[in-house]
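I have placed the structure first, in the form of structure tokens, so that the comments after it can refer back to it.
Model, not experiment: these values are computed from the prediction. In what follows, chains carry the letters A, B, and so on, assigned in the order in which the sequence lines appear, proteins first and then strands, with residues in each chain numbered from 1.
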2 protein chains.
Amino acid sequence: MDDTAQQRLKKVHDTLTRAERQLAGAILENYPMSGLGSITRLAEKAEVSTPTVVRMVQKLGYTGFPEFQAALREELEAQISNPIDKRDGWSNTAPEEHLLNRFTDAVIGNIRQTLAHIDPADFDAVAALLADEAQSVFIAGGRITHALSEYLHLHLQVIRGRVQHIPTTSNAWPHALLDIEPGDVVVIYDIRRYENSTLKLAEMAAARGARTVLVTDQWQSPISRFATYSFSCRIEAPSAWDSTVAMMLLSETLIAAVQEAAWERTRDRMGALEEMFDETRVFRKFV
Amino acid sequence: MDDTAQQRLKKVHDTLTRAERQLAGAILENYPMSGLGSITRLAEKAEVSTPTVVRMVQKLGYTGFPEFQAALREELEAQISNPIDKRDGWSNTAPEEHLLNRFTDAVIGNIRQTLAHIDPADFDAVAALLADEAQSVFIAGGRITHALSEYLHLHLQVIRGRVQHIPTTSNAWPHALLDIEPGDVVVIYDIRRYENSTLKLAEMAAARGARTVLVTDQWQSPISRFATYSFSCRIEAPSAWDSTVAMMLLSETLIAAVQEAAWERTRDRMGALEEMFDETRVFRKFV
DNA sequence: GCCGCAATGAAACTATGATTACAAAATCGA
DNA sequence: TCGATTTTGTAATCATAGTTTCATTGCGGC
């Protein structure tokens with residue numbers, strides 16, 4: 001039982017209570033610095049009471065806070081005096097070459113590249129477009145990107161009305177086109193291998209006078225010819241498949257921007273949604 | 001006058017008295033650790049009295065020992081914190097405070113924290129579990145996480161057979177339980193607000209002898225009580241909603257790991273899938 | 001050698017930190 | 001839904017850390 005405090009924290013993590021977990025999280029957040037101040041500051045930072053801190057460090061096996069703190073200091077000292085410990089990886093418990101670290105490296109690279117290529121003006125313009133209830137919004141995704149399109153749709157639905165999801169994976173999508181009017185916005189996710197149906201959809205939407213927002217990969221879907229706005233995201237990963245994390249990030253950031261632009265409305269709609277959830281909970285109980 | 005304590009110590013070194021120099025030497029001896037204990041221990045170690053310590057740190061420009069100590073902590077933190085954090089701005093064309101940069105900052109932080117909490121051994125164990133076709137795999141997600149669960153399901157389907165998706169948002173999920181047998185694996189995504197139906201599902205799956213893999217947020221879904229393996233991901237973001245990017249990253253990394261573990265099979269299945277796509281493309285043309 | 005000044009630590013004091021006891025709140029199980 | 005149990009924070013208590021006061025010591029000049 002002479003593990004590091006970090007190891008002990010993880011080991012007992014499951015047996016901890018809510019407040020204690022919250023505290024454990026705060027300690028691990030910038031370990032081990034946060035544990036070096038007074039018990040009061042640590043408690044404040046974790047938004048728990050000081051007795052909770054005492055109780056938790058005792059669960060960890062220390063006699064009290066000072067002993068815990070002394071242990072932290074020792075660990076820290078060992079860490080600094082040992083220059084070999086570079087802390088390069090993302091998971092410091094896994095070796096550098098572990099897939100967790102390799103994959104994360106690649107994804108962070110993707111994010112960096114993606115952000116570097118996005119024009120903030122375009123981003124803002126698209127956010128404004130999606131926030132404006134004057135036109136309808138249609139969201140379409142392909143086989144892989146279906147999850148993303150669904151995710152965007154789910155959130156936009158809360159923010160505004162007149163949002164429709166078009167899954168191009170089924171063959172019912174042409175029906176959705178009937179509702180598209182000039183000026184409407186069509187958001188399309190399309191990464192390799194680019195699908196025929198999605199291209200067709202973009203083409204027909206453009207023909208009907210819709211404005212198209214394309215979220216694609218770095219090689220650019222053929223749809224970009226029809227697109228009013230186009231964002232290319234890096235999707236490379238050490239895997240047989242591509243990584244859509246960067247696209248997810250862009251989508252979430254868009255959602256946040258749209259929500260910010262239409263906050264009054266969003267708040268009202270969220271409130272109404274909450275109420276409906278509360279009502280339906282009665283039904284859930286019978287399931 | 002905002003040098004480091006070390007610089008200040010050297011600067012005023014000549015103007016110090018005998019006992020103070022002795023103290024300064026002790027502090028510099030293993031800087032900055034020795035300054036992080038109590039004033040008493042530092043005084044003892046330097047073989048001077050505590051008032052001497054107070055007087056000297058005041059000569060250094062601090063109001064008192066606590067302020068001096070806080071300065072040391074800050075220096076130390078800056079020293080050990082990961083340089084990747086220090087990046088100013090992800091999109092160099094957008095201002096620092098643009099949502100694109102703020103959101104990405106938060107997400108990168110989430111990823112780091114998430115990775116720090118994941119036990120590589122657990123990760124490997126889950127990957128092996130999901131790669132093994134001996135047992136069936138069931139994947140369930142809630143309202144927000146439905147997209148993630150669908151994404152995982154889509155990919156696992158290519159890698160292996162006997163994978164089933166359970167959308168807990170519909171009320172048909174209890175039917176899926178009929179197929180669960182002891183030893184089967186149930187992957188559940190659950191973030192706040194934790195849903196009753198998902199909890200119920202986990203409970204019933206556990207009762208049927210299934211092994212549960214939980215992907216949850218840092219506050220931990222109540223399901224963790226039933227879970228064989230549990231991964232907590234940071235989901236905080238400057239938005240009215242949470243960010244599931246870290247969960248997406250974990251999911252993709254899992255997919256990559258499973259695919260690697262069962263590469264022969266995956267390759268065959270991917271090939272067969274390609275063929276089917278080629279055939280069905282004929283149908284698409286008529287759409 | 002004596003005086004005076006600066007330096008220093010002992011001790012008293014104050015403030016803050018850590019712990020404990022207990023009651024309120026939340027959660028759980030029937 | 002209600003009672004029992006656990007969790008959690010408030011407030012009181014205790015301990016230690018930090019500061020200040022002041023007497024003692026050491027040192028240089030007269």
Please report, to 0.1 Å, the donor-acceptor pairs under 3.5 Å made by any side chain of residues 47-58 of chain A, with sequence neighbours excluded.
residue	atom	partner	partner atom	Å
A:S49	OG	A:T52	OG1	3.1
A:Q58	NE2	A:T63	O	3.4

With heavy-atom distances below 4.5 Å as the criterion, would you say the side chains of [X] and [Y] are in contact?
X: B:I223; Y: B:Y194; value: no
X: B:T216; Y: B:Y189; value: no
X: B:V126; Y: B:F231; value: yes
X: A:L42; Y: A:F65; value: yes

Polar contact flag, side-chain donor to acceptor under 3.5 angstrom, A:Q69-A:Y62: no
Parallel, tilted or perpendicular: ring planes of B:H153 versus B:H165, cut at 30 and 60 degrees: parallel
is_close_aromatic(A:Y151, B:H146), centroid dist under 6.0 Å: no
Span of DNA chain C, from the first to the last nucleotide whose atoms fall under 4.0 Å of chain A heavy atoms: C:dG17 to C:dT20
Residue pairs fulfilling salt bridge (charged side-chain N to carboxylate O under 4.0 Å, His left out) with at least one residue in residues 27-45 of chain A, sequence neighbours excluded: A:E29-B:R234
A:F65 CZ to D:dA17 P, straight-line distance once rounded to whole Å: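 Distance check: A:F65 CZ to D:dA17 P gives 13 Å.
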Results of ring pair (Phe, Tyr, Trp, His ring centres under 6.0 Å) for B:H117 - residues two or more places apart only: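 Per chain and number, B:H117 pairs via ring pair (Phe, Tyr, Trp, His ring centres under 6.0 Å) with no residue.
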Extract from the structure each pairing of a protein N or O with an N or O of nucleotides 8-13 of chain D at less than 3.5 Å, listing the distance.
residue	atom	partner	partner atom	Å
D:dT8	OP1	A:R18	N	3.2
D:dT8	OP1	A:A19	N	2.7
D:dT8	OP2	A:T17	OG1	2.1
D:dG9	OP2	A:S49	N	3.4
D:dG9	OP2	A:S49	OG	3.3
D:dG9	OP2	A:T52	OG1	2.8
D:dG9	N7	A:R55	NH2	3.2
D:dG9	O6	A:R55	NH1	3.4

Contact residues, residues 31-43 of chain B to DNA chain D [heavy atom, < 4.0 Å]: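 By residue number: B:S38, B:I39, B:T40.
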